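Quick notes on the structure that follows.
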Amino acid sequence: MSADGVVLVLNAGSSSLKVAAFEGERRMLRCVIEGIGTKPSARAQGAAGEALTGPVLDPAPATPSEALSALLGWIDERLGGRPLSAIGHRVVHGGLDHAGPVLMTPALLAELEALLPMAPLHQPHNLGPIRVMLASAPELPQVACFDTAFHRTVPEAEQAFALPLAMFRRGIRRFGFHGLSYDFIASALPALSPRLAEGRTVVAHLGNGASACALRGGVSVATTMGFTALDGLPMGTRCGALDAGGVLHLLNQEGMTVDAVQDLLYRRSGVLGLSDGFSSDFRDLLASNTPEAAFAVDVFCRRVAQQICTLAGALGGLDGIVFTAGVGENAAEIRARIVGQLAWLGLELSEAANKRNAPRIAGGRSKVEILVIPTDEEAVIARQVREVRMQVGHARLMGRH
Ligand code: ADP
């Protein structure tokens with residue numbers, strides 16, 4: 001398999017499908033289909049970020065896999081019939097065995113299907129398009145790129161919950177997620193700040209899903225998400241860290257069913273729940289002057305600041321923090337509140353730079369660098385596909401000699 005040609009990147013969620021096409025490092029186009037299952041709509045951009053007419057969604061797709069066929073026709077047209085040479089898929093959970101991207105096979109698909117209970121709201125959607133493509137284009141190389149893989153470097157003592165050791169051994173442990181985003185940030189740091197690339201950096205990925213990661217020399221050594229993508233920071237609709245006793249109480253004393261608790265923790269909690277059901281979107285929360293919206297923002301900022309301290313503890317100090325993802329890249333007020341709570345660690349913000357969403361937002365007297373870096377998970381997936389293809393090509397070459 002050669003390393004040239006057009007690589008398609010697929011990121012399938014519960015109600016969305018994000019797609020990008022790359023030629024080497026160049027992004028040729030991207031398309032986001034949202035509202036799948038309710039009111040699907042598509043947005044598309046060309047290589048220079050210009051708006052394109054997206055695919056026609058008729059009949060309306062009910063699942064991301066159904067959206068895929070409409071999308072493949074559209075991409076084929078846009079690429080002028082140039083064939084795809086490989087597909088890279090975002091897969092949330094790679095389990096214990098995958099510390100990097102892997103070439104998809106039917107056996108690997110079965111292995112990843114066994115992980116469905118560990119990422120019930122993400123993994124089924126990630127695997128749907130893989131199954132479709134393995135069946136419809138078995139000759140096309142497909143690569144699974146895992147959100148967990150980047151964190152396989154975390155020391156075992158950081159991965160462990162204080163449960164019986166046998167459970168740790170069989171995989172009830174902190175895996176961590178958002179690894180493709182952290183991989184992007186780690187690979188962007190050398191050019192932006194050699195000190196942070198080599199030193200102790202906490203990255204706060206604050207989007208709909210939110211987590212933070214401690215990097216030492218660009219390698220993950222601790223992270224806030226856990227066995228599932230529910231742990232750690234409060235999120236748009238997910239609860240973040242929670243006393244397990246609270247869950248037992250809901251089940252045993254309040255008589256909630258397991259399904260109802262799952263729905264509560266994944267879909268009705270986080271800042272949506274804290275704002276009394278008002279919104280999971282920080283733009284709405286920041287624009288509102290209700291006490292409930294203010295309360296949700298307050299809890300969120302406190303937890304993020306506290307978790308950054310915990311991760312600084314795991315690193316034994318802090319050289320810099322990086323804000324990324326939708327909230328981290330755009331919400332100056334949220335960054336200011338978080339940094340304000342970290343002043344005792346020597347952080348100081350340049351208000352003007354922060355308001356501009358500038359790449360460097362630390363004030364002149366800050367002991368800690370503070371960066372804003374837009375993340376790009378698609379670019380990481382495309383790069384990982386190239387790496388796997390080169391490895392496979394190399395192995396074939398070696399086999400021939
Ligand atoms: P996902 O986890 O779905 O990839 P993103 O990283 O795209 O999410 O983040 C989406 C969230 O970012 C939105 O729900 C919204 O709360 C937040 N966001 C985006 N732009 C802004 C902004 N200008 N101000 C505040 N929050 C924003």
Side-chain angles (χ1 to χ4, degrees), residues 9-20 30-36 41 43 45 64 89-92 119 121-123 125-126 145 147 176-185 203-213 223-225 228-240 266-275 277-289 292-294 296-301 303-304 322-339 354-358 361 372-381:
V9 169
L10 290 182
N11 178 356
S14 54
S15 62
S16 68
L17 180 63
K18 297 178 188 158
V19 183
R30 78 187 294 258
C31 178
V32 179
I33 301 182
E34 286 170 316
I36 297 171
S41 64
R43 279 181 286 125
Q45 290 168 335
H89 298 269
R90 178 185 190 181
V91 179
V92 163
L121 299 199
H122 294 96
Q123 195 89 337
H125 304 291
N126 301 156
C145 303
D147 267 312
F177 297 87
H178 288 141
L180 298 167
S181 174
Y182 294 126
D183 191 332
F184 179 83
I185 302 295
V203 185
H205 174 111
L206 310 178
N208 267 325
S211 71
C213 174
T223 188
T224 59
M225 273 185 172
T228 67
L230 206 51
D231 198 9
L233 306 178
M235 306 177 214
T237 64
R238 284 175 258 164
C239 59
Y266 277 95
R267 296 190 209 269
R268 296 196 289 120
S269 298
V271 291
L272 174 70
L274 284 165
S275 66
F278 172 62
S279 180
S280 63
D281 191 314
F282 279 84
R283 284 164 291 203
D284 298 337
L285 295 169
L286 292 170
S288 163
N289 49 21
E292 291 81 8
V297 170
D298 187 30
V299 172
F300 179 80
C301 294
R303 294 286 187 280
V304 176
V322 176
F323 288 100
T324 193
V327 180
E329 291 164 25
N330 299 298
E333 189 179 335
I334 301 285
R335 289 192 302 260
R337 303 253 317 243
I338 294 167
V339 171
N354 186 45
K355 283 213 175 92
R356 290 198 311 273
N357 296 327
I361 59 170
V372 178
I373 307 179
T375 196
D376 191 343
E377 289 147 313
E378 292 160 3
V380 173
I381 295 172

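All values below were derived from every heavy atom in this structure, side-chain atoms included, with hydrogens, water molecules and symmetry-related copies excluded. As the structure is a computational prediction, the values presented were derived from the model and not from experiment. Atoms within a ligand are numbered from 1 in the order they appear, just like the ligands themselves.
- For S275 (side chain) and V271 (main-chain N/O), a donor-acceptor pair under 3.5 Å exists by modelled atom type.
- Listed by number with element, the atoms of ligand 1 under 4.0 Å from a non-hydrogen atom of A325 are 6 (O).
- Closest to atom 6 (O) of ligand 1, if we only count protein heavy atoms, is G326 N, 2.9 Å.
- Every atom of ligand 1 is numbered from 1 in the order shown, and the set under 4.0 Å from a heavy atom of G209 is 2 (O).
- Ion pairing of R90 with E378 is absent here, as no side-chain N (NZ or NE/NH1/NH2) approaches a carboxylate O to less than 4.0 Å.
- Within the 4.0 Å heavy-atom criterion, neither part of E377 lies near ligand 1.
- Between R337 and D298, at least one side-chain nitrogen of the basic residue sits less than 4.0 Å from a carboxylate oxygen of the acidic one, meeting the salt-bridge criterion.
- In summary, the atoms of ligand 1 found under 4.0 Å from a heavy atom of K18, numbered by their order in the structure, are 4 (O).
- Between N330, V327, N208, it is V327 that holds the heavy atom closest to atom 17 (C) of ligand 1.
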Intermediate values then yes/no, side-chain contact (heavy atoms from CB on, under 4.5 Å), E329 and T324:
CA-CA 5 Å; E329 291 164 25; T324 193; 3.3 Å; yes

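- Between H178 and H205, the angle of the ring planes stays under 30°, which puts this pair in the parallel group of the 30/60° scheme.
- The protein heavy atom nearest to atom 15 (C) of ligand 1 is D281 OD1, 3.2 Å.
- Using a 4.5 Å heavy-atom threshold, the side chains of S269 and T237 count as separate.
- When side chains are defined from C-beta on, V372 does not count as touching V322, because their heavy atoms never get closer than 4.5 Å.
- Ranking protein heavy atoms by distance to atom 16 (O) of ligand 1, first place goes to F282 N, 2.8 Å.
- In this structure, atom 13 (C) of ligand 1 lies nearest to the protein heavy atom R283 NH2, 3.7 Å.
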